[in-house]
**Q** 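Structure provided below as structure tokens; questions to follow.
Each chain gets a letter, A, B and so on, in the order the sequences are listed, and its residues count up from 1.
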Amino acid sequence: MIQLTRQLGRFTLQSLAKLGRGSLFLGHTLSGLTDILLRPGLLIRQLYFVGVLTFLIIVISGLFVGMVLGLQGYYTLSDFGAEESLGVMVAASLVRELGPVVAALLFAGRAGSALTAEIGLMKATEQLSGMEMMAVDPVKRIIAPRFFAGFISLPILAALFSAVGILGGEMVGVGLLGVDEGSFWSQMQANLDFYDDIMNGVIKSIVFGFVTSWIALFEGYDAIPTSEGVSRATTRTVVNSAFAVLGLDFLLTAMMFGDD
Amino acid sequence: MPEGTQVDETLVSIKNLSFSRGTRKIFDSISLDFQRGKITAIMGPSGTGKTTLLKLIGGQLKPDQGSVIVDQNNVHQLSLKSLYQLRKRMGMLFQSGALLTDMNVYDNIAFPLREHTALSEAMIRSLVLMKLQAVGLRGARNLMPNELSGGMARRVALARAIALDPMMIMYDEPFTGQDPISLGVLVELIKKLNTILGLTSIIVSHDVQETASIADYIYVISGGHVVGQGTPEEIENSNSEWVRQFMHGNADGPVPFHYPAKDYIEDLLSYL
Ligand SMILES: Nc1ncnc2c1ncn2[C@@H]1O[C@H](COP(=O)(O)OP(=O)(O)O)[C@@H](O)[C@H]1O
Ligand SMILES: [Mg+2]
């Protein structure tokens, strides 16, 4: 029992210490914004890398998720004779939930883990230390451009995911199952609210982009500088990002849709 | 420096420095001085804190007590900005080379110039080629770091360390793990750069022969203390048991072969 309490206490202290380091790190990273505005090339390069890493996986996953939604939605809705609402159902699920959440999970698994490994290896091979000794702040020069690139690109990737997903739903619903094309789109247009649905989805993906980029970069920066340390940090990035995204999704959904 | 001017001949001065990692005391109030334009070596067995000492000089670690003065600046009392200004004048060669792995040799050497100067690409090119020529690797400028041998990587790192024409340069184990030819090349290079560029050099090493052959002054550290100091001849003829063991590589002596443990027989029998 005492053993357990002791371990719990140690775990709590370690987590708090890590949260503290993470917050300082975040502050330092955000202060790199001025440097990025002076040298936008650094950011554009990272945006390109994140885009290359995640574009394909986002498009393919979006397509399949949309197709599944089309199938599942059709079977449920046709029981009530409401197949025409398939468009709304697919689009609302994607824009409100699946787009931001699944894109964030894929982003963490693909780009996030790659960022953690990259930063962790730079630390293990003394590249970050070397930069400090060359009077270059590695947080501003290396971390900040990657952070803002992740933060900016996730909302775009989530939008892409939703867009491709809606096309996938249309392919299955209209193309295969014979839902009327006109009502598929017009119902969607009439019933999706720009603010309530689309903006809320965008806000979610902005929050997820912020959190997953922060987690990925901090885990790399805080990694124990050995090959084992880096591999464990990479795993932690994926696990912690998934928890953070799903937990925050619940909170944000409750806040946004709770009052109606 | 012209002779006779009123200039402090000590470039780096470490006074009563103490530093701990967790509960372990790495340095216990040590003091060392490094003369301008000279090659000073710090020797000691692995794990005594030689790398740690260089990081303390460069301001990457903070001491528990004591001070480090570099060119009349107290390193650990400078603002971050002044520290970065000072670091531009301190080159450091990491044990691993610490080259940026996503850039080729040319861009690695151009990196500090691009970060800290507003020179045109044409000027940068001339400077990079000059530095590469100095280390004999002008022909290797398009290679990536993973295509370099260990010795070449260190020479590239050296070219990068002198890119901003620093006043001093710190070498962390420059000779470790080198084949005899690279070793000879590195020894010559360090000596040449020191005389030609008038650099102050600090070499941290446990390679006795090579280091003693080029150092003007040697400190031997162990267990957080300076256990011997002097010119290479003085160190060679030291009558300290400890220094003799280290310089001649004897397996047993004041530094025991065995890591502290309980009695051997007792340990073997304790299971029965
Ligand atoms: N980041 C660190 N955290 C904890 N202990 C460290 C760290 N870096 C080095 N040490 C410990 O400090 C001691 C001195 O290390 P170091 O300066 O690298 O020795 P040297 O360069 O002389 O081989 C070693 O015992 C090492 O285990
Ligand atoms: Mg070392």
Side-chain angles (χ1 to χ4, degrees), chain A residues 10 13-14 17 24-25 27-29 31-32 34-36 38-46 48-50 52-53 114-146 149 220-221 224-227 229-230, chain B residues 51-52 54-61 70 75 78 80-103 107-118 145-146 153-154 156-164 166 168-173 202:
Chain A
R10 182 177 306 145
L13 283 180
Q14 279 171 353
L24 287 176
F25 173 82
H28 194 165
T29 304
S31 78
T34 45
D35 302 58
I36 288 173
L38 293 174
R39 292 172 68 183
L42 290 178
L43 176 66
I44 290 165
R45 209 176 124 86
Q46 291 309 320
Y48 173 77
F49 280 131
V50 173
V52 167
L53 281 178
L115 283 175
T116 305
E118 185 189 15
I119 302 296
L121 281 174
M122 287 184 85
K123 182 178 181 185
T125 52
E126 295 186 306
Q127 294 183 57
L128 299 182
S129 226
M131 251 184 219
E132 271 180 21
M133 283 308 295
M134 285 190 281
V136 176
D137 184 342
V139 175
K140 290 186 176 170
R141 178 66 174 67
I142 298 291
I143 307 281
R146 286 164 174 75
Y221 191 76
I224 298 167
T226 59
S227 27
V230 174
Chain B
T51 303
T52 308
L54 293 187
K55 291 195 167 169
L56 283 160
I57 297 175
Q60 291 191 304
L61 294 172
V70 176
V75 173
L78 293 175
L80 199 61
K81 208 166 165 190
S82 323
L83 179 62
Y84 272 39
Q85 288 303 327
L86 182 63
R87 279 185 190 160
K88 289 183 198 168
R89 301 194 289 136
M90 308 165 81
M92 173 142 174
L93 194 76
F94 283 84
Q95 198 163 352
S96 58
L99 295 175
L100 301 172
T101 41
D102 59 343
M103 301 178 183
D107 289 327
N108 259 288
I109 297 166
F111 181 81
L113 296 165
R114 288 183 179 141
E115 291 292 319
H116 294 307
T117 69
N146 59 5
R154 263 175 230 189
V156 173
L158 187 51
R160 187 178 68 175
I162 55 173
L164 291 171
M168 61 181 279
I169 182 158
M170 299 187 274
Y171 299 91
D172 192 358
E173 310 275 9
I202 301 178

**Q** Calculate, to the nearest 0.5 Å, the distance between atoms CE and CD1 belonging to A:M133 and B:I57 respectively.
**A** 9.0 Å
**Q** CZ of B:R114: more than 12 outside heavy atoms within 6.0 angstrom?
**A** yes
**Q** What are the two closest non-hydrogen atoms of A:A135 and B:R87, and how far apart are they?
**A** CB-CB, 4.0 Å
**Q** Heavy-atom pairs under 4.5 Å with chain B - which of A:T125, A:L121, A:L128, A:D137 has more of them than the others?
**A** A:D137
**Q** Would A:E132 and B:K55 pass as an ion pair if we require N to O under 4.0 Å?
**A** no
**Q** For chain A, which of B:M90, B:M92, B:H116 has the most heavy-atom pairs under 4.5 Å?
**A** B:H116
**Q** For A:R45 and B:D102, which heavy atoms make the closest approach, and how far apart are they?
**A** NH2-OD2, 4.1 Å
**Q** Is B:Q60 reaching over with its side chain to a backbone N or O of A:S129, donor-acceptor style, under 3.5 angstrom?
**A** yes
**Q** Using a cut-off of under 4.5 Å for heavy-atom pairs, which of B:M170, B:Q85, B:R160 has the most such pairs with chain A?
**A** B:R160
**Q** Do B:K88 and A:M134 come within less than 4.5 Å of each other through their side chains, counting heavy atoms only?
**A** no
**Q** Does the pair A:V136 and B:F111 meet the rule for a side-chain contact (heavy atoms from CB on, under 4.5 Å), with working shown?
**A** CA-CA 10 Å; A:V136 176; B:F111 181 81; 3.9 Å; yes
**Q** Measuring heavy-atom distances to chain A, does B:L80 have an atom under 4.5 Å in its side chain, in its backbone, in both, or in neither?
**A** neither
**Q** Compare all side-chain heavy atoms of A:M131 with those of B:L100 and state whether any distance is below 4.5 angstrom.
**A** yes
